Amino acid sequence: MKSETITERTDLIIRRHVLEPSEALPWHTDLCHRFTVVVSGEALSIEYRDSGEVETFPVHAGMADWDAPEPKVHRGINAGSIPYEEVIIFFIDEPGMEPQPEAPT
């Protein structure tokens, strides 16, 4: 998984994530509102650690949506056969806040 911060201010962070097929983000929570734009991909699964529930969504380049904070520990998994790439704009509530802290193991 590749993750890079494109830009950062006290109230905003923009990041790019790239997942190869079957690759997953680390287990984490989402602490703030965000806006995501899909750059490439076919399908993304969201797996919830505590319940084991998995939701899979078809995706395509140009798809964009708002997301609310998600306190449940989860991870995104590239469920497609091509790289999944997204750009996420995180709206930060407090300066210095990590918008997607990794969950303790």
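When a residue number appears, it is its place in the shown sequence, counting from 1. Keep in mind that what you see is a predicted model, and the values were worked out from it rather than measured. Hydrogens, waters and symmetry mates are skipped; everything else that's a heavy atom, side chains included, is used.
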Exercise. List the steps and the verdict of side chain to side chain contact (heavy atoms under 4.5 Å, CB included) for Leu12 and Ile89.
Key: CA-CA 7 Å; Leu12 181 87; Ile89 303 168; 3.2 Å; yes

Quiz item: For Gly76 and Ile46, which heavy atoms make the closest approach, and how far apart are they?
Solution: CA-CD1, 4.0 Å

Quiz item: CG of Asn78 to CG of Leu44: how many Å apart, nearest 0.5 Å?
Solution: 7.0 Å

Practice problem: For Glu86, enumerate each residue passing the side chain to side chain donor-acceptor pair (under 3.5 Å) test, keeping only those at least two apart in sequence or located in another chain. | Solution: His17, Tyr84

Quiz item: Are more than 12 heavy atoms from other residues, nucleotides or ligands located less than 6.0 Å from atom CD of Glu4?
Solution: yes

Quiz item: Could you give the distance from CH2 (Trp27) to NE2 (His74), rounded to the nearest 0.5 Å?
Solution: 9.5 Å

Quiz item: Taking only residues two or more places apart in sequence, or in another chain, which ones meet Thr5 in a side chain to side chain contact (heavy atoms under 4.5 Å, CB included)?
Solution: Glu8, Ile13, Arg15

Quiz item: How far apart are the C-alpha atoms of Met1 and Leu25, what are their side-chain angles, what is the distance that settles it, and do they pass the side chain to side chain contact (heavy atoms under 4.5 Å, CB included) test?
Solution: CA-CA 7 Å; Met1 189 223 35; Leu25 289 167; 3.0 Å; yes

Quiz item: To the nearest 0.5 Å, what is the distance between CD1 (Ile88) and OG (Ser3)?
Solution: 7.0 Å

Quiz item: Who pairs with Asp93 by side chain to side chain donor-acceptor pair (under 3.5 Å), at least two apart in sequence or on another chain?
Solution: none

Quiz item: What is the minimum heavy-atom distance between Ala103 and Val73, and which atoms define it?
Solution: CB-CG1, 3.6 Å

Self-check item: Rounded distance (nearest 0.5 Å) linking atom CZ of Phe90 with atom CE of Met97
Solution: 10.0 Å

Practice problem: Mind checking the CD-NZ spacing from Glu85 to Lys2? Nearest 0.5 Å is all I need. | Solution: 7.5 Å

Quiz item: Which value, rounded to the nearest 0.5 Å, describes the distance between Ile92 atom CD1 and Arg34 atom CZ?
Solution: 11.0 Å

Under 3.5 Å, sequence neighbours excluded: what are the donor-acceptor pairs made by side chains of residues 35-42?
residue: Ser40; atom: OG; partner: Pro83; partner atom: O; Å: 3.1
residue: Glu42; atom: OE1; partner: Ser81; partner atom: N; Å: 2.7
residue: Glu42; atom: OE1; partner: Ser81; partner atom: OG; Å: 2.8
residue: Glu42; atom: OE2; partner: Ser81; partner atom: OG; Å: 3.4

Quiz item: Taking only residues two or more places apart in sequence or in another chain, which ones pass side chain to side chain contact (heavy atoms under 4.5 Å, CB included) with Pro101?
Solution: Thr29, Leu31, Glu98

Under 3.5 Å, which donor-acceptor pairs link side chains of residues 53-72 to any protein atom two or more places apart or in another chain?
residue: Glu55; atom: OE1; partner: Tyr48; partner atom: OH; Å: 3.3
residue: Thr56; atom: OG1; partner: Ser45; partner atom: OG; Å: 2.7
residue: Glu70; atom: OE2; partner: Lys72; partner atom: N; Å: 3.0

Quiz item: Arg75 and Pro26: which non-hydrogen atoms are nearest, and at how many Å?
Solution: CB-O, 3.8 Å

